[in-house]
Amino acid sequence: MIISLYALDNGMIRIVQQSLLGSILSNMLLVLGCAFFMGGVIHHQKEQVFNKAAAVVNSGLLLMAVMGLLFPAVLHFTHTELHVGKSELSLSRFSSCVMLVAYVFYLVFQLKSHRNLYDPVDQTQGENGGVTDEEEVAVITHWEAISWLAILTAWISFLSGYLVNAIEGASQSWNMPVAFISVILLPIVGNAAEHASAIMFAMKDKLDISLGVAIGSSTQIAMFVIPFCVVVGWIMGKSMDLNFQLFETATLFITVIVVAFMLQEGTSNYFKGLMLILCYMIVAASFFVHVDPEHTGHDND
């Protein structure tokens, strides 16, 4: 989010759109896939389970986010805007406000009114009649965690400028499309911590936490960070919209559908994880041969 706001302030709207899209794709396919795969390999003697109800809610929110991104793109590429060059941006800003309202109510739903819906699935109860999960001792205190978070946030803010400015140069020197760097390479590096933690919890047979890291992060980006950037761009006078281009929007739509099917049973195994990883490889290869349109979504054809 910090990198996106810096890029938005410098008018790099496509970098913002592609990096946020890449974070969603990386979390849903690569991070979740590796968690399912490693968890399935370590616990191959059984089928791991997770809270299906919470996964369904997140899948619904992700589909709502796809709807918010799909209509501005279709409106632009079908040339059916009521006011050419304005309707698409107005729709994006309205949809962003709606998505932010939906996300606020989602937080209320998750943290207050239906907290029991997000209780982790007890995988040990029924085998011996009790809970056998070991209580983990905190490595650092609450205030130490807040201090480290503040320090790392400040450090990322300092480095974000160098990172964003280096994308164009890296694209030319490596002979790689900017879209591939923004959608694939940048999110993999940025999500390294989430990637490691999701795998670690899956190996400990705590899939609900892994899903919270992977799917929860994707939901947060899709329903909060993206519309928030649109609203901030509105305030800044930048034409940040929800038209991520048809290729990117179609990729997100297919990804959400595939992951929703994987989550509908509330169980996981190494083969589901392998399929998600292979899907991510197809996405990565697609962006490697994809040339980003010369004109962004808010430009007139």
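Values reported hereafter were calculated over all heavy atoms of this structure, with side chains retained and with hydrogens, waters and symmetry mates removed.
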- [ ] To the nearest 0.5 angstrom, please state how far the CG atom of Leu207 sits from the CZ atom of Phe201.
- [x]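 Between Leu207 CG and Phe201 CZ, I get 11.5 Å after rounding to 0.5 Å.
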
Using side-chain contact (heavy atoms from CB on, under 4.5 Å) as the criterion, point out the one residue from [options] that pairs with [X].
X      : options                    : value
Val256 : Leu25, Leu61, Val66        : Val66
Ile215 : Val31, Val57, Asn27, Asn58 : Asn58
Phe244 : Ile226, Leu70, Leu252      : Ile226

- [ ] Kindly determine whether Phe224 and Leu107 satisfy side-chain contact (heavy atoms from CB on, under 4.5 Å), including the steps that lead there.
- [x] CA-CA 11 Å; Phe224 174 71; Leu107 293 179; over 6 Å; no

Would the distance check show the side chain of [X] and the main-chain N or O of [Y] forming a donor-acceptor pair, the cut-off being under 3.5 Å?
X      : Y      : value
Ser217 : Ala214 : no
Gln48  : Ala202 : yes
His44  : Val41  : yes
Lys272 : Gly40  : no
Ser26  : Gly22  : no

Minimum heavy-atom distance [X]-[Y], with the two atoms named:
X      : Y      : value
Ala35  : Ile199 : N-CG1, 4.1 Å
Arg14  : Asn243 : NH1-O, 4.4 Å
Ala198 : Ser210 : O-OG, 2.7 Å

- [ ] Verify whether one side chain among Gln17 and Asp241 offers a donor that lies under 3.5 Å from an acceptor in the other.
- [x]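 Per modelled atom types, Gln17 and Asp241 side chains form a pair under 3.5 Å.
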
Open item on the list: With side-chain contact (heavy atoms from CB on, under 4.5 Å) as the criterion, how do Leu32 and Leu263 come out once you've worked through the C-alpha distance, each side chain's angles and the decisive distance to 0.1 Å?
Closed with: CA-CA 11 Å; Leu32 185 63; Leu263 299 178; 4.3 Å; yes

- [ ] Using a 4.5 Å cut-off on heavy atoms from C-beta on, say whether the side chain of Asp205 contacts that of Lys46.
- [x]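 Heavy-atom side-chain distance check passes, below 4.5 Å.
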
TODO: Measure the shortest side-chain to side-chain distance between Cys279 and Val283 over non-hydrogen atoms and say whether it is less than 4.5 angstrom.
DONE: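 Not in contact.
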
- [ ] Answer yes or no: does atom CE of Met281 have more than 12 heavy-atom neighbours from other residues, nucleotides or ligands under 6.0 Å?
- [x]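 Incorrect, the count does not exceed 12.
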
TODO: Name the orientation class of the two ring planes belonging to His290 and Phe247 (parallel below 30°, tilted from 30 to 60°, perpendicular beyond 60°).
DONE: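 If you compare the ring of His290 with that of Phe247, the planes turn out parallel.
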
Open item on the list: side-chain contact (heavy atoms from CB on, under 4.5 Å) for Val230 and Arg93? Distances and angles first, verdict last.
Closed with: CA-CA 6 Å; Val230 173; Arg93 290 168 174 173; 4.0 Å; yes

Task: Derivation of the side-chain contact (heavy atoms from CB on, under 4.5 Å) call for Met64 and Val98 - done: CA-CA 10 Å; Met64 180 181 178; Val98 172; 4.0 Å; yes

